[in-house]
Amino acid sequence: MTDLTAYRSAARAWIEGKIAEFGREARRGLTPAEDLALGRRYLAAKYEAGYSGISWPRENGGQGLSPTEKLAFDREEILHGFPTEYFSISLGMPVPIMLRYLPDGWKQERAIAALRGDEIWCQLFSEPAAGSDLAALRTRAVQDPDNGDWILNGQKLWTSWAHLADYGVIVARSDPNVAKHRGLTYFWVDMKAPGVTVRPVTLAAGDAHVNEVYFDDVRIPDAQRLGPVGGGFGVAMETLIIERYSATDPAANGPSIARALADATRMTRDGRPLIEDGRVRERIARNFATQAALASIHRRALLSLEAGTQPGSEGAIHKLVSVRNRQRLSEFMIDIEGVSGVRWDELATRKEDWATSWLTAPTGRIAGGADEMLLNTIAERILGLPQDHRPDKGVPFNEIPG
């Protein structure tokens, strides 16, 4: 049993020793290539210090500790703006799901390379015509009867860090003759393979970390399949559950409550600090209370994982509410600041600037399942309400109109 207080103290000391070299200020003015290189160096240092893969098994390059220790480290690390975003998808979803399904040997090598920042993975789920309905995807995987390889054709969209990725996990339709949830199969794919084309997509805030990815007769050996043929939807749901419990920032990657208090204290109206206005204090307090409730949900999920059980669908609550909460607080802080609140700083990050946080929040409300899909999950799986009418339920995919 780890002494959590001692562990957190040691982690904090190590993190504080890395701020000058890798923290938010060290990153200002770097080109994307320089920032990525800095991120790789930070992950290598983190791995050597024993803070990578904290809750992963030791045989997979991890530390063999519990999610509680991981949470303790993450809460300290996330405060300082280290260049970890390039690797968050990779270590949060594709690599953990790969570790569950692939045989020993190769997967350990890939896991250690990912933990050190040497390799990056992406997740290829969303498609232009499918929206948030993963089971409606149209990318096809047809098996070659001669050698068992799969031939992949189609397009994915909104794939984070695909332009940097070495590998990716992908769900494709392997059988259009059965109901849409049953005809999917899950694979991993070499992103440098012939026939893979990656094109960045520029978002409203000017960044281009998401991409559209095209697959033209990309050949995948059957050994790169994760789970059974036709069982891809279940594996994808496992992946999304991992995603919804990987975020530990109560501010949903936006500015903190401490910044809101500081800014409301700095801003004045009629010669008085805005923090003295009861309406301002009430709004900030409500946001704080929501963050505290979300932190409790997240901790409960981690304790379930530590006990060896799988968390339920309450992860949908965390994902849904946290980003909405961030967007509301960001909008409020912009409003009370007035005209200067909408001043645009292209170098500002979403954790330090209310306008950037507000502008980038909608992306978070789509990624990993749009709000509407999460509301359905909460209604049906937590509240026990009847399912929505689904006219395509049980209908073979190739018989669904459109």
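For this chain, numbers begin at 1 and follow the sequence in order.
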task: Just say parallel, tilted or perpendicular for the rings of His209 and Trp161, cut-offs at 30° and 60°.
output: tilted
- request: Identify the two heavy atoms, one from Leu152 and one from Ala141, that lie closest to each other, and give their separation to 0.1 Å.
  value: CD1-CB, 4.0 Å
message: How long is the straight-line distance from OG1 of Thr268 back to CG of Asp277, given to the nearest 0.5 Å?
response: 12.5 Å
message: Counting only heavy atoms from other residues, nucleotides and ligands, does the tally under 6.0 Å from CH2 of Trp354 exceed 12?
response: yes
- prompt: How far apart are the closest heavy atoms of Leu134 and Leu184, and which atoms are they?
  reply: O-CD1, 4.3 Å
field: Basic-acidic side-chain contact under 4.0 Å: Glu119, Lys192
entry: no
query: Does Arg12 make a cation-pi contact with Trp14, if we ask for NZ or CZ under 6.0 Å from the ring centre and within 45° of the axis?
result: no
task: Answer yes or no: is there an ion pair linking Arg138 with Glu127, defined by an N-O contact shorter than 4.0 Å?
output: no
query: Taking it one step at a time, do Glu77 and Arg8 satisfy salt bridge (Lys or Arg N to Asp or Glu O under 4.0 Å)?
result: CA-CA 11 Å; Glu77 181 186 52; Arg8 184 182 291 113; over 6 Å; no
task: Report the distance from atom CD of Glu76 to atom OG of Ser9, rounding to the nearest 0.5 Å.
output: 9.0 Å
Salt bridge present between Lys70 and Asp74 (N-O < 4.0 angstrom): yes
message: Quick test of your reading of the model: are Lys46 and Glu21 salt-bridged, counting only N-O distances below 4.0 Å?
response: no
- request: May I ask you to check whether Asp216 and Asn153 show a side-chain donor-acceptor distance below 3.5 Å?
  value: no
- prompt: So how far is it from Met191 CE to His163 NE2, rounded to the nearest 0.5 Å?
  reply: 10.5 Å
task: Taking Ser296 for its side chain and Ala292 for its backbone only, find out whether a donor-acceptor pair lies under 3.5 Å.
output: yes
query: With distance as the sole test, does Arg225 use its side chain to make a donor-acceptor pair with the main-chain N or O of Phe187 at under 3.5 Å?
result: no
task: Indicate yes or no: does Glu331 engage Arg324 in a salt bridge with an N to O separation below 4.0 Å.
output: no
task: Evaluate the side chain to side chain contact (heavy atoms under 4.5 Å, CB included) criterion for residues Tyr186 and Val169: first the C-alpha distance (whole Å), next the side-chain angles of each, then the deciding distance (0.1 Å), finally the verdict.
output: CA-CA 7 Å; Tyr186 200 111; Val169 291; 3.4 Å; yes
query: In Å, rounded to the nearest 0.5 Å, how long is the span from CG of Asp388 to CZ of Arg390?
result: 6.0 Å
query: Backbone N or O of Trp121 within a donor-acceptor pair of the Ser90 side chain at under 3.5 Å?
result: yes
message: Assess, by modelled atom type and distance only, whether the side chains of Asn287 and Gln291 contain a donor and an acceptor separated by less than 3.5 Å.
response: yes
- request: For Tyr7 and Glu69, work out which heavy atoms get closest and say how close.
  value: CE2-O, 3.5 Å
message: Using a strict threshold of under 4.0 Å (side-chain N to carboxylate O), is an ion pair present between Lys180 and Asp392?
response: yes
- prompt: Taking NZ, NE, NH1 and NH2 as the nitrogens, is one of them in Asp144 or Arg219 under 4.0 Å from a carboxylate oxygen of the other?
  reply: yes
query: Is Asp3 reaching over with its side chain to a backbone N or O of Thr5, donor-acceptor style, under 3.5 angstrom?
result: yes
- prompt: If you round to the nearest 0.5 Å, how far is CG of Leu320 from CZ of Arg365?
  reply: 7.5 Å
query: Quick check: does any side chain N or O of Ser357 sit under 3.5 Å from a backbone N or O of Asp353, one acting as donor and the other as acceptor?
result: no
query: Does the side chain to side chain contact (heavy atoms under 4.5 Å, CB included) test come out yes or no for Thr360 and Arg326, once each step is laid out?
result: CA-CA 10 Å; Thr360 56; Arg326 164 188 152 194; 2.6 Å; yes
- prompt: After noting the C-alpha distance and the side-chain angles of Gln63 and Tyr51, does the key distance pass the side chain to side chain contact (heavy atoms under 4.5 Å, CB included) rule?
  reply: CA-CA 8 Å; Gln63 304 303 312; Tyr51 291 117; over 6 Å; no
query: Going by distance alone, is a donor N or O of one side chain under 3.5 Å from an acceptor N or O of the other, for Glu85 and Ser88?
result: no
query: Taking Glu352 for the side chain and Thr349 for the main chain, is one N or O donor matched with an acceptor at less than 3.5 Å?
result: yes
- prompt: Checking side chain to side chain contact (heavy atoms under 4.5 Å, CB included) for the pair Lys107/Asn60: CA distance, chi angles, key distance, verdict?
  reply: CA-CA 8 Å; Lys107 71 179 182 182; Asn60 294 330; 4.2 Å; yes
message: Please give me the minimum heavy-atom distance between Val218 and Val189, naming the atom from each residue.
response: CG1-CG2, 4.3 Å
task: Kindly say whether Thr31 contributes a backbone atom to a donor-acceptor pair with the side chain of Glu34 at under 3.5 angstrom?
output: yes
message: Please find the pair of heavy atoms, one from Ala20 and one from Ala26, that lie closest to each other, and give the distance.
response: O-CB, 3.5 Å
Within 6.0 Å of CZ in Arg279, more than 12 heavy atoms from elsewhere: no
- prompt: Counting N and O atoms only, with roles assigned by atom type, does the side chain of Arg350 sit under 3.5 Å from a partner on the main chain of Gly254, one being a donor and the other an acceptor?
  reply: no
field: Side-chain ion pair, Arg116 and Glu48, N-O less than 4.0 Å
entry: yes
task: Please answer whether the main-chain N or O of Arg173 pairs with a side-chain N or O of Arg140 as donor and acceptor at a distance below 3.5 Å.
output: yes
Short side-chain to backbone donor-acceptor contact, Gln143 and Gly148, under 3.5 Å: yes
message: Taking the ring centre of each residue, are Phe82 and Phe22 less than 6.0 Å apart?
response: no
- request: Salt-bridge test for Glu212 and Lys156: reply yes if a basic N is under 4.0 Å from a carboxylate O, no otherwise.
  value: no
statement: So NZ of Lys319 and CG of Leu374: to nearest 0.5 Å the spacing works out to 5.5 Å
